[in-house]
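Here the structure is laid out as structure tokens; the discussion comes afterwards.
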Amino acid sequence: MDGVERCIDDEIPFEIPESWAWTRIGSITELITSGSRDWAKYYAETGALFLRMGNLSKNSFTLRLNNLQRVQLPQKAEGTRTALQAGDLLFSITGEVGMLGLIPDKFETAYVNQHIAVLRFFPDIRNKYLPYLLLTDYAQKFYKGNQHGIKNSFRLDSIYNVLVPIPPSQEQKRIIDKIEKLFHKITVI
């Protein structure tokens, strides 16, 4: 695959098809950043959404929108760099590391707090393949092995260094379709 960083052989955790490539998340993202601190002073009844850990999911990447907080921000508030875009993947970096939330199309203006990282993948890989991959036992094992401190924090450089297998675009689509068909069967039963 062109443009995808190849990894050193002794880092590769398992074999993948020849048409796939191993890379680090950092090499396929436009942005990896964490949210803002001290925004409680901006809490309001109306305004932009302020997503927190309780809005992320453990075994899916569906946002939980039943307990929302809103903020009224001054024009130059620190952290407006985390204004979310469709396709951004939210990743909990403290407490229960690795909870996810995928920002859907046409989502309203929203920001995240300091316990959440924003991963903005390059457009050609901005689909559900990586969110599904980051739910796997393989990814969960990496999170558990790379936490720091008493509060089980996961640093942004740890996210950057997660090794991921990347298939060609058409294969990504087939994988996503298959997973979604299987999940649909499970929820129908």
Side-chain angles (χ1 to χ4, degrees), residues 1-35 51 55-63 81-94 96-107 110 112 116-148 153-186:
M1 291 183 57
D2 294 336
V4 175
E5 170 191 337
R6 299 272 177 186
C7 299
I8 300 170
D9 288 343
D10 64 353
E11 293 181 80
I12 295 173
F14 52 85
E15 292 295 317
I16 56 176
E18 195 170 302
S19 61
W20 294 33
W22 281 102
T23 193
R24 297 185 191 287
I25 282 184
S27 70
I28 54 174
T29 53
E30 295 176 3
L31 174 74
I32 297 177
T33 191
S34 59
L51 300 176
N55 301 117
L56 305 183
S57 297
K58 181 175 172 82
N59 295 314
S60 81
F61 46 80
T62 303
L63 285 173
R81 63 183 158 63
T82 65
L84 299 174
Q85 297 178 10
D88 283 352
L89 185 64
L90 308 182
F91 184 103
S92 62
I93 55 175
T94 62
E96 191 158 344
V97 171
M99 294 191 337
L100 302 175
L102 184 63
I103 302 300
D105 289 337
K106 299 178 183 167
F107 197 67
V112 297
I116 297 174
V118 177
L119 285 72
R120 184 168 298 144
F121 297 105
F122 289 123
D124 62 335
I125 195 156
R126 201 174 293 160
N127 57 41
K128 293 181 180 177
Y129 171 75
L130 286 165
Y132 279 125
L133 178 66
L134 294 176
L135 290 171
T136 64
D137 289 343
Y138 161 72
Q140 296 295 323
K141 184 178 176 182
F142 184 85
Y143 309 151
K144 286 180 177 67
N146 287 283
Q147 293 182 26
H148 306 278
S153 64
F154 199 70
R155 296 192 282 230
L156 295 180
D157 63 339
S158 294
I159 295 171
Y160 184 96
N161 286 310
V162 174
L163 284 171
V164 290
I166 305 295
S169 296
Q170 288 302 319
E171 185 68 13
Q172 289 175 40
K173 290 176 183 152
R174 282 192 291 273
I175 291 168
I176 293 165
D177 289 345
K178 186 68 170 180
I179 290 170
E180 291 184 345
K181 284 178 187 171
L182 291 172
F183 273 138
H184 177 70
K185 286 182 180 182
I186 291 169

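Below, each value reflects all heavy atoms present in this structure, side chains not excepted, and no hydrogens, waters or symmetry copies.
The heavy-atom pair separating A86 from D105 by the smallest distance is CB-OD1, 3.4 Å. Scanning all heavy atoms of the two residues, the minimum distance from F142 to S158 falls at CE2-O, 3.6 Å. Closest approach of N161 to R24, counting heavy atoms only: O-NH1, 3.2 Å. In terms of heavy atoms, L100 sits closest to P131 at CD1-O, 3.7 Å. Listed here is the closest heavy atom pair of P165 and F14: CG-CZ, 4.4 Å. Looking at every heavy atom in both residues, G98 comes nearest to F91 through CA-CZ, 3.8 Å.
Side-chain atoms of L63 and L90, non-hydrogen and from C-beta on, do get closer than 4.5 Å to each other. Side-chain contact check for K173 versus N127: every heavy-atom pair is 4.5 Å or farther apart. Here the side chains of R120 and T33 are not in contact, with every heavy-atom distance at 4.5 Å or above. Annotation: side chain of I159 is not in contact with side chain of T29 (no heavy-atom distance under 4.5 Å). Using a 4.5 Å heavy-atom threshold, the side chains of V164 and I28 count as touching. L163 places none of its side-chain heavy atoms less than 4.5 Å from the side chain of I12. Side chains of D124 and S169 form no contact here, defined as non-hydrogen atoms less than 4.5 Å apart.
For the atom pair CG of L56 and CZ of F61, the computed distance is 13.0 Å after rounding to the nearest 0.5 Å. Expressed to the nearest 0.5 Å, how far CZ of R155 lies from CD1 of I32 amounts to 14.5 Å.
With no hydrogens or angles considered, no side-chain donor-acceptor pair links Y129 and E171 at under 3.5 Å.
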* Verdict with reasoning, Q172 to I125, per side chain to side chain contact (heavy atoms under 4.5 Å, CB included) -> CA-CA 9 Å; Q172 289 175 40; I125 195 156; 3.8 Å; yes
* **side chain to side chain contact (heavy atoms under 4.5 Å, CB included) between L135 and N59, worked out** => CA-CA 7 Å; L135 290 171; N59 295 314; 5.7 Å; no
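A donor-acceptor pair is defined here as one N or O able to donate and one able to accept, closer than 3.5 Å; no such pair exists between the side chain of T82 and the backbone of G35.
Checked options I166, L119, L89; the residue passing with L130 is I166 (criterion: side-chain contact (heavy atoms from CB on, under 4.5 Å)).
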